Amino acid sequence: MIFLDNASTTKINKQVNDLIYQVNSEFFFNPSALYKQSIDVTSKILQAKQQIGECLNVNPDNILFTSGATESNNTAIKGFLTGNKNAEYIFSMGEHPSVYEVAQSLKNMGYKVNFVNLNKQGSVDIEHFKTLLNENTHFVSIMHISNETGAINDIQQLCQMAKNVNPNCIFHCDGVQAVGKINVDLQKLNVDAYSVSAHKFNGPKGCGILYVKNFNKFKPFILGGGQQTARRSGTENVSGILSTALAMKIACQNNNENFNNVLKLRNYFVEQISNNLSDYIINQSPNNSPYVLSVSFKGLKGEVIQHMMEEKGVLIGTGSACSSKKSNNRTLQNMGVEKSYINGSVRISFSYSNTMEEIIEASQCFVNVIKELSEKVR
Ligand code: PLP
């Protein structure tokens with residue numbers, strides 16, 4: 001089996017998996033208890049925070065552990081809601097459902113919610129963003145890298161634009177497809193909140209991080225026993241936290257080398273498509289993550305391509321795994337991709353652990369599948 005759906009999840013790193021077992025067997029104590037064993041566990045959590053803070057270049061005290069990026073995104077948005085009736089919220093049209101569905105629910109509740117469009121390349125339309133910003137802009141959420149196309153948003157620029165108009169505006173960024181893949185320096189980006197998910201960089205599932213720059217205006221989303229200085233209650237997932245820190249350290253240490261290797265894999269795949277196939281669009285921006293390749297074929301069906309590839313032992317995606325049961329693709333639609341192409345979209349997403357041999361085999365299968373399907377429909 002060749003796994004090319006790494007934007008949906010990644011295989012856990014062996015060293016990280018071994019650590020989970022070790023922590024659960026040796027350090028299973030509840031960090032909130034008062035005996036020495038628990039105090040030791042608490043200090044291990046602090047070390048993990050320290051390590052994560054170093055990777056993201058932020059103060060470890062500003063890091064919260066969550067059950068995944070879905071919770072981090074919900075917490076960031078709901079944690080900064082305000083009762084001010086004039087407050088306005090901006091979300092991009094390309095957001096993952098864990099942001100977009102929250103935005104829609106706020107809109108339905110009567111909050112002033114605006115959606116900023118994407119340009120044809122899949123990143124946020126800067127001119128449209130400018131028109132939405134004003135002194136009432138209270139909260140902005142724009143993702144770092146699109147899980148659908150790999151388009152990279154210039155978060156530093158977008159955040160600066162928002163703060164130039166309203167210095168008190170809260171800027172949140174979903175960094176799920178960025179951390180472990182590109183260098184992420186949260187101080188430089190100057191964002192107020194940033195979401196991370198461990199299973200996207202060969203860490204455990206169900207483990208997320210939310211960075212919050214300033215807790216003054218933040219209201220906790222999950223209440224309970226007061227863990228994590230009452231900002232996110234619930235007994236800490238100790239093995240999850242420690243293994244997330246290790247996975248992040250490994251991924252960040254090898255960021256640049258992995259990036260260059262993955263770029264070669266993606267370039268080879270694109271070359272095979274362009275040399276052998278027609279009637280397709282590659283949905284990408286000039287500044288695209290090499291980890292994601294979104295391609296749309298006119299008149300074909302993404303699910304059929306996916307199933308035929310699966311029969312040949314290659315797993316690819318048809319878009320965000322979380323929204324794959326929905327028939328439309330909001331991101332591609334908003335980019336202005338024609339419907340006849342959208343239905344024939346697939347997402348091929350790479351990992352540093354994919355080899356060139358795998359990519360040669362998978363791209364050959366892909367070319368054969370598309371040729372076979374094209375002959376049937378054309
Ligand atoms: N945000 C983005 C951009 C994603 O790709 C995903 C996962 O697909 C999530 C959020 C949700 O992350 P999690 O699976 O940790 O809840």
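All values below come from the heavy atoms of this structure, side chains included, with hydrogens, waters and symmetry mates left out. Numbering of ligands and ligand atoms starts at 1, following listing order. Everything numeric here is computed off the predicted structure, so don't read it as measured data.
- Taking NE2 of His128 as the reference point, atom CG of Asn117 lies at 5.0 Å (rounded to 0.5 Å).
- Interface of Gly68 with ligand 1, defined as ligand atoms under 4.0 Å from a residue heavy atom, comprises 15 (O).
- In the hydrophobic clustering of this structure, Leu300 groups with Val270; members are Ile, Leu, Val, Met, Phe, Trp, Tyr whose side-chain heavy atoms approach within less than 4.5 Å, directly or through other members.
- Counting the atoms of ligand 1 from 1 in the order shown, those under 4.0 Å from a heavy atom of Lys200 are 5 (O), 6 (C), 7 (C), 8 (O).
- Only the side chain of Asn147 comes within 4.0 Å of ligand 1, counting heavy atoms alone; its backbone N, CA, C and O stay farther away.
- Remark: ligand 1 atoms within the under-4.0 Å shell around heavy atoms of Met143 are 3 (C).
- If you number the atoms of ligand 1 from 1 as listed, the ones under 4.0 Å from a heavy atom of Ser98 come out as 10 (C).
- Listed by atom number, the atoms of ligand 1 under 4.0 Å from Asp174 heavy atoms are 1 (N), 2 (C), 3 (C), 10 (C).
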**Message:** Before you tell me yes or no, could you show the steps for Gln160 and Asn164 under side-chain contact (heavy atoms from CB on, under 4.5 Å), namely the whole-Å CA-CA distance, both residues' side-chain angles and the distance that decides it to 0.1 Å?
**Reply:** CA-CA 6 Å; Gln160 189 59 52; Asn164 285 347; 2.9 Å; yes
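- Atoms of ligand 1 found under 4.0 Å from any heavy atom of His199 (numbered from 1 in listed order, with element): 13 (P), 14 (O), 15 (O).
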**Request:** Carefully, step by step, assess Phe139 and Phe91 under the rule side-chain contact (heavy atoms from CB on, under 4.5 Å).
**Result:** CA-CA 9 Å; Phe139 186 91; Phe91 299 90; 4.1 Å; yes
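- Of the polar atoms of Ala69, at least one N or O is found under 3.5 Å from an N or O of ligand 1, judged by distance alone.
- A cation-pi arrangement is present between Arg330 and Tyr100, with the terminal nitrogen or guanidinium carbon under 6.0 Å from the aromatic centre and inside a 45° cone about the axis.
- The closest approach between a heavy atom of Lys205 and any atom of ligand 1 is not below 4.0 Å.
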**Request:** Determine, step by step, whether Phe297 and Tyr341 satisfy the ring pair (Phe, Tyr, Trp, His ring centres under 6.0 Å) criterion, reporting the C-alpha distance in whole Å, the side-chain angles of both residues, the deciding distance to 0.1 Å, and the verdict.
**Result:** CA-CA 5 Å; Phe297 292 93; Tyr341 281 89; 8.8 Å; no
